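Comments concern the structure below.
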Number of protein chains: 2
Amino acid sequence: MQLKTLCSTCSLRELCLPVGLNPEEITQLDAVVRQSRRIKRGEYLFRAGEAFTSLFAIRIGFFKTVIASQDGRDQVTGFSMSGELIGLDGISSGLHTCDAVALEDSEVCELPFDRMEDLTQEIPSLQTHFYRLMSREIVRDQGVMLLLGNMKSEERIAAFLLNLSQRLQKRGFAATDFILRMSREEIGSYLGLKLETVSRNLSKFHQSGLIAVDHKHIRINDIQKLKDMVSGCSHQAH
Amino acid sequence: MQLKTLCSTCSLRELCLPVGLNPEEITQLDAVVRQSRRIKRGEYLFRAGEAFTSLFAIRIGFFKTVIASQDGRDQVTGFSMSGELIGLDGISSGLHTCDAVALEDSEVCELPFDRMEDLTQEIPSLQTHFYRLMSREIVRDQGVMLLLGNMKSEERIAAFLLNLSQRLQKRGFAATDFILRMSREEIGSYLGLKLETVSRNLSKFHQSGLIAVDHKHIRINDIQKLKDMVSGCSHQAH
DNA sequence: CGAGACGTTGAATGCTTTCAACTGATGTGG
DNA sequence: CCACATCAGTTGAAAGCATTCAACGTCTCG
C-alpha cells in the first residue's frame with residue numbers, strides 16, 4: 001500500500017502551496033490533497049477542452065503546457081517543475097485551455113478545486129497565498145510577452161537558460177549544470193523561434209565558451225555574461 | 001458634491017465585478033468601492049514599482065499597461081476598457097509591475113485590495129468570481145503569447161482589430177466602426193511589431209477593401225475575412 | 001501660425017525562417 | 001544483440017519578412 005503523500009512531510013513545502021501556512025493549516029490542506037498520481041513521460045495530465053476540476057502540484061518531474069490552435073500550429077506556453085502548480089487557466093471557464101504533458105516520469109498532487117475554494121474560505125492566509133500565486137502567474141506570462149515581443153533570438157535563449165538555472169537552483173540543484181528535459185523544438189515553440197534557430201544559438205554560445213552544450217546537457221560557464229545579455233528585460237524568476 | 005458611484009446602479013454591473021452577485025452582495029461590494037477617481041488622458045493611474053494597495057475597475061475610458069525594462073525598451077502588455085479590472089499583477093509582490101496610463105479621459109473605481117480580500121472571505125460567490133477573473137487574465141495573456149510567438153504581422157493586426165471589435169460590441173458599441181484610442185506605436189508595441197509595420201498592414205487592409213482606415217477611425221468591411229485570417233488561433237475575446 | 005508629434009511610404013538591410021543534407025542517438029523487432 | 005528505421009539535432013545556403021533609415025505629409029495644440 002502506498003502511503004498518502006502529505007504536505008506536512010513534503011520536502012517541497014517551502015516552495016509549494018503550504019508556503020506561509022502554520023502546521024495546523026497544513027494539516028487541513030493535507031485533507032484536501034488527493035493521493036499523488038504518477039504520470040509517465042509523454043503522457044497527458046490533462047488536455048485542452050477537458051472539464052477542469054483540479055489543480056495539480058508537481059511533486060516530482062517536469063511538464064510542458066501547450067496551447068493548440070485549430071490549424072495545427074501550437075505553442076508551448078510554459079515549462080513547470082516540482083513545487084509549481086498547473087491548471088490555473090482552467091478556472092476561468094471550467095475547461096482546460098491547454099494540454100499538460102509530462103516531459104519525464106512525474107508525480108503530481110491533485111487538488112480538487114471545489115475543495116480548495118472551501119479551504120481558502122476557511123483559511124484566509126491560504127486565500128491570500130492563492131491570490132498571490134495566480135498573480136505571479138500573470139506576472140510570469142507578462143515576462144514571456146516581453147521576451148516574445150522585444151527580444152532577439154540570442155537574448156531569448158539566454159533568458160531561457162537563466163530562468164531554468166534560477167528555478168533549478170531554488171530547488172537545490174546545480175545552477176550551472178543541468179539536463180534539458182525538452183527538445184530544441186519545444187524550446188523554440190516556447191520562445192517563438194524555430195528549432196534550427198535554437199540549435200544555432202546554442203552552438204554559437206558553445207563556440208564562444210559561454211556555455212558547454214552536449215546534447216541535452218548544459219553547463220553554464222559565464223552566468224554573469226548570460227545575465228548581461230538579458231539585462232534590459234524585467235525578467236522574473238518564477 | 002459628487003455622488004458616490006455605486007455598483008448597484010452602475011451600468012457596467014453585468015460586465016464588471018458584480019457579475020453573478022445578488023443585490024444584497026452588491027450592496028456589500030458598494031461599501032468597499034471608493035469614490036470614483038478621474039484620470040486625464042496621459043496621466044498615470046499607477047506606476048511600476050509603486051506599492052500595490054488597490055485594484056481598479058474602469059468605469060469610463062481606456063488604459064494601456066506597460067512593462068518598462070531597464071534599457072529603455074518597454075512593451076504594452078494590454079489595453080483595458082470599461083468594465084475591466086487592472087492591477088492584478090501587483091498582488092503577487094505587493095508592488096505594481098507595470099505602468100497604467102490613461103489613453104483618454106477616464107474614470108476608475110478604486111477597490112482597496114485588503115478590503116476585497118475580506119469581502120471575498122465573506123461572500124464565497126465573489127471569491128469564485130475573483131478566481132475566475134484572475135484565471136481569465138492568465139488565459140488572455142496566453143492568447144497574446146500565441147499571437148507573439150506564432151503569428152505573422154498581418155495576422156496579428158487582424159487579431160488585434162477583431163479583439164477590439166468584440167470587446168466594444170460587448171459594451172454596446174458598434175463592432176465595425178470605432179476609434180482607436182492608441183497610436184500606431186502603441187499597437188506595435190503590444191503586438192511585437194514596429195509602428196511602420198502596423199501602418200503598412202493597415203494600409204494594405206485598407207487597399208484590399210477589408211477595412212477602411214482614416215487616421216484613428218476604423219471601419220471593418222468584412223469581419224468574416226478578418227476572422228478567417230486568424231482562424232487557427234485559439235483567440236479569446238476578453 | 002508654427003513646432004512637434006503622429007502617420008505613411010519607399011528602399012536597403014538584416015535576422016529568422018525555410019529547405020535541404022547529413023550525423024548521431026534511440027529504440028524496436030527479428 | 002545487432003540491424004535498421006525513426007527521431008532529434010546540426011549546419012549550410014537561399015529566401016522571406018519585418019526592421020531600419022529616411023523623407024515627406026498632416027494633424028494637433030499651445
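Chain identifiers are assigned alphabetically (A, B, ...) following the order of the sequence lines, protein sequences preceding nucleic acid strands; residue numbering begins at 1 within each chain. Here the structure is a predicted model, which is why all the values come from computation and not from measurement.
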- Query: Shortest non-hydrogen contact from Ile39(A) to Ala102(A)?
  - Reply: CG2-CB, 3.7 Å
- Query: So what does Thr197(A) touch, heavy atoms closer than 4.0 Å: a base, only the sugar-phosphate, or nothing?
  - Reply: base
- Message: Taking the minimum atom-to-atom distance to the side chain of Arg200(B), which one of dT9(C), dA25(C), dG9(D) wins?
- Response: dT9(C)
- Task: Please say which of Glu186(B), Glu104(B), Glu84(B) ends up in a salt bridge (charged side-chain N to carboxylate O under 4.0 Å, His left out) with Lys64(B).
- Result: Glu186(B)
- Message: Checking contacts here: which listed nucleotide (dT17(C), dT9(C), dT10(D)) is nearest the side-chain heavy atoms of Lys194(A)?
- Response: dT17(C)
- Task: Looking at every strand, decide which applies to Gly188(B) at a 4.0 Å heavy-atom threshold: base, sugar-phosphate, or nothing.
- Result: nothing
- Is the distance from OP1 or OP2 of dT16(C) to the nearest side-chain N or O of Ser153(A) less than 4.0 Å? yes
- Result for salt bridge (charged side-chain N to carboxylate O under 4.0 Å, His left out) between Glu107(A) and one of Arg38(A), Lys40(A), Arg37(A) points to Arg38(A)
- Phosphate-side-chain proximity, His215(B) and dC27(D), N/O vs OP1/OP2 below 4.0 Å: yes
- Query: Would a 4.5 Å heavy-atom cut-off, applied to side chains only, mark Phe205(B) and Val213(B) as touching?
  - Reply: no
- Item | Rounded distance (Å) that lies between atom P of dG7(C) and atom CD1 of Ile218(B) | 11 Å
- Name the nucleic acid region contacted by Leu195(B), choosing base, sugar-phosphate or nothing; use a 4.0 angstrom heavy-atom cut-off, strictly under. base
- For Met182(A) and dA8(D), what is the distance between atoms CE and P respectively, to the nearest whole Å? 15 Å
- Item | Atom-to-atom span, CG of Leu191(A) to C1' of dC15(C) - whole angstrom | 16 Å
- Round to a whole Å and report the spacing from CD1 of Ile187(B) to P of dC6(C). 13 Å
- Query: Counting side-chain heavy atoms from C-beta on, which of dT16(C), dT9(C), dT10(D) comes nearest to Ser199(A)?
  - Reply: dT10(D)
- Query: Which nucleotide, dG9(D), dA18(D), dC29(D), lies nearest any side-chain atom of Arg184(A)?
  - Reply: dG9(D)
- Task: Mind calculating the distance between CG (Asn201(B)) and C1' (dG10(C)) to the nearest angstrom?
- Result: 16 Å
- Message: Starting the side chain at C-beta, find the nucleotide from dT19(D), dC17(D), dG9(D) nearest to Lys216(A).
- Response: dG9(D)
- Taken to the nearest whole Å, CD1/Ile157(B) to P/dT8(C) is 11 Å
- Note on the structure: note: Leu193(B), atom CG; dC17(D), atom C1'; distance rounded to Å ~ 11 Å
- Query: What about Phe173(A) and Phe178(A), are their ring centers closer than 6.0 Å?
  - Reply: no
- Query: Do Gln142(B) and Asp141(A) come within less than 4.5 Å of each other through their side chains, counting heavy atoms only?
  - Reply: yes
- Separation of dT10(D) P from Glu185(A) CD (nearest whole Å): 13 Å
- Nearest-nucleotide check on DNA chain D, Val213(A) vs Val198(B); residue mapping nearer the 5' end is Val213(A)
- Which nucleotide in the list dC15(C), dT9(C), dT17(C) gets nearest to the side chain of Glu196(B)? dT9(C)
- Within the structure, does a side-chain N or O atom of Ser203(B) lie under 4.0 Å from either OP1 or OP2 of dT9(C)? yes
